[in-house]
Structures are given as structure tokens and as C-alpha cells.
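Worksheet for the structure shown next.
Values below: every heavy atom of this structure, side chains too, minus hydrogens, waters and symmetry copies.
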Amino acid sequence: MNNNRNVFKSGYMPPDMKIVLKFEELLNHHFREEHNHEFYAAAVGMTVKGLDKLLRAYLGMTSYELIQERIHQEAINLLLHTTLKIKEITYELGISNPSWFCKCFKQKTGLRPRDYRDKVKQEINGIK
């Protein structure tokens, strides 16, 4: 086990891990304008199927699932830390249809974006 730690300390990183890290870097830089998993697969030099197999092995999710999760995380961040309207958040995330965004958000959280914002802010302020 100690030898494994030395491998990473020596600067060696398995090629698969480099691809996973590159995907994560690309996703964090482009998730607002690039929602298509084919973009990310091409950017790391793989097919979607190959990338998804790799990502599932390392992260437990496909590229599509990771893209959707990143968009959702940013939606929550914008809801809780800005005063942007839902429509503005939708466009900020590169989504052209606010009602579709609200539907997807509700499927994931059980609440519409506005209700989610209100609920969390009330919880933060100690109001239930």
C-alpha cells in the first residue's frame, strides 16, 4: 500500500485518471455553453461510450449525468447566492427554455426553483 502512495508522489498519474481530470476541468469551464456529452468526449479524444465507461468506473456517473449534475449545482448556487430571477438563471446556465429548466429542477429536488430558494433561505434564517 505504501508503494501506491509513492507512485503518485513521484508525479506519475495513470492515463485514465488524467482523462477523468481533464473531463472535470473542461466541464467546469464549459458547462454553461456546452451541454452535449459529445463535445467533452471529442475534447479528451474518446468516444462517448468509452468516456462514459471510464467516468462510471472512476466517478460512478456518465458524462451526461455529470453535465446535468454540474448544471444543477450551479443552479442551486445562483438561487442561493444571487438575486437573479429564475428566467435569468436559466439563461445564465445556457438553457433557452425556463419552463423546461423548472421542470428538470423540480424532478431533481422536488421543488420549483423559486420554492427551493424560499425554503432554504427560511431554513437559514431559522424560520420553518
request  = Any ring pair (Phe, Tyr, Trp, His ring centres under 6.0 Å) involving residues 54-91? Give me the pairs, sequence neighbours left out, ordered by first then second residue.
outcome  = His72-Phe105

message = Which heavy atom of His29 sits nearest to which heavy atom of Glu33, and what is that distance?
response = O-OE2, 3.7 Å

message = Test your reading of the model: is there a side-chain donor-acceptor pair from Glu65 to the backbone of Thr62, 3.5 Å cut-off?
response = yes

request  = Scan for salt bridge (Lys or Arg N to Asp or Glu O under 4.0 Å) pairs involving residues 82-100, sequence neighbours excluded, and state none if there are none.
outcome  = Arg32-Glu92

query = Pairs in or reaching into residues 98-114: which pass salt bridge (Lys or Arg N to Asp or Glu O under 4.0 Å), with residues at least two apart or in two chains?
reply = Glu69-Lys108, Arg112-Asp115

task = Hey, could you give me the CZ/CG distance between Arg56 and Leu66, rounded to the nearest 0.5 Å?
result = 9.5 Å

ask   = Step by step, would you call Lys22 with Ile19 a side chain to side chain contact (heavy atoms under 4.5 Å, CB included)?
value = CA-CA 5 Å; Lys22 180 68 174 172; Ile19 293 170; 5.5 Å; no

remark   = Rounding to 0.5 Å, atoms CE (Met17) and CG (Leu54) come to a distance of 9.0 Å

request  = Mind running side chain to side chain contact (heavy atoms under 4.5 Å, CB included) on Glu24 and Leu59 for me, showing each step along the way?
outcome  = CA-CA 10 Å; Glu24 288 179 325; Leu59 303 176; 3.6 Å; yes

key: Ile95: partners by side chain to side chain contact (heavy atoms under 4.5 Å, CB included), with sequence neighbours left out   = His35, Ile71, Thr90, Leu93, Trp100, Phe101

query = Between Ile89 and Pro113, is any pair of side-chain heavy atoms under 4.5 Å apart?
reply = no

ask   = Out of curiosity, Ile67 CD1 to Phe31 CZ, how far, rounded to the nearest 0.5 Å?
value = 11.5 Å

ask   = With side chains defined as the heavy atoms from C-beta onward, is the minimum distance between Tyr116 and Ile76 less than 4.5 Å?
value = yes

ask   = With sequence neighbours excluded, what pairs up with Arg70 under the salt bridge (charged side-chain N to carboxylate O under 4.0 Å, His left out) test?
value = Glu74

task = Using the test side chain to side chain donor-acceptor pair (under 3.5 Å), find all partners of Gln107 that sit at least two apart in sequence or belong to another chain.
result = none

query = Say you draw a straight line from NZ of Lys121 to CZ of Arg117; how long is it, rounded to the nearest 0.5 Å?
reply = 5.5 Å

query = Is it true that a side-chain atom of Tyr40 and a backbone atom of Glu34 form a donor plus acceptor pair closer than 3.5 Å?
reply = yes

key: Any residue meeting side chain to side chain donor-acceptor pair (under 3.5 Å) with Glu38, in chain and number order, not counting sequence neighbours   = none

query = Among all residues two or more places apart in sequence or in another chain, which pass the side chain to side chain donor-acceptor pair (under 3.5 Å) test with Ser96?
reply = none

Listed pairs under 3.5 Å, donor-acceptor, residues 43-52 side chains, sequence neighbours left out:
{"unit_1": "Thr47", "atom_1": "OG1", "unit_2": "Gly50", "atom_2": "N", "d": "2.9"}
{"unit_1": "Asp52", "atom_1": "OD1", "unit_2": "Ser63", "atom_2": "N", "d": "2.8"}
{"unit_1": "Asp52", "atom_1": "OD1", "unit_2": "Ser63", "atom_2": "OG", "d": "2.6"}

ask   = Can you find a pair of side-chain heavy atoms, one from Val20 and one from Met13, that are under 4.5 Å apart?
value = no

request  = Taking side chain to side chain donor-acceptor pair (under 3.5 Å) as the test, write out the residues that go with Asn77, two or more places apart.
outcome  = none

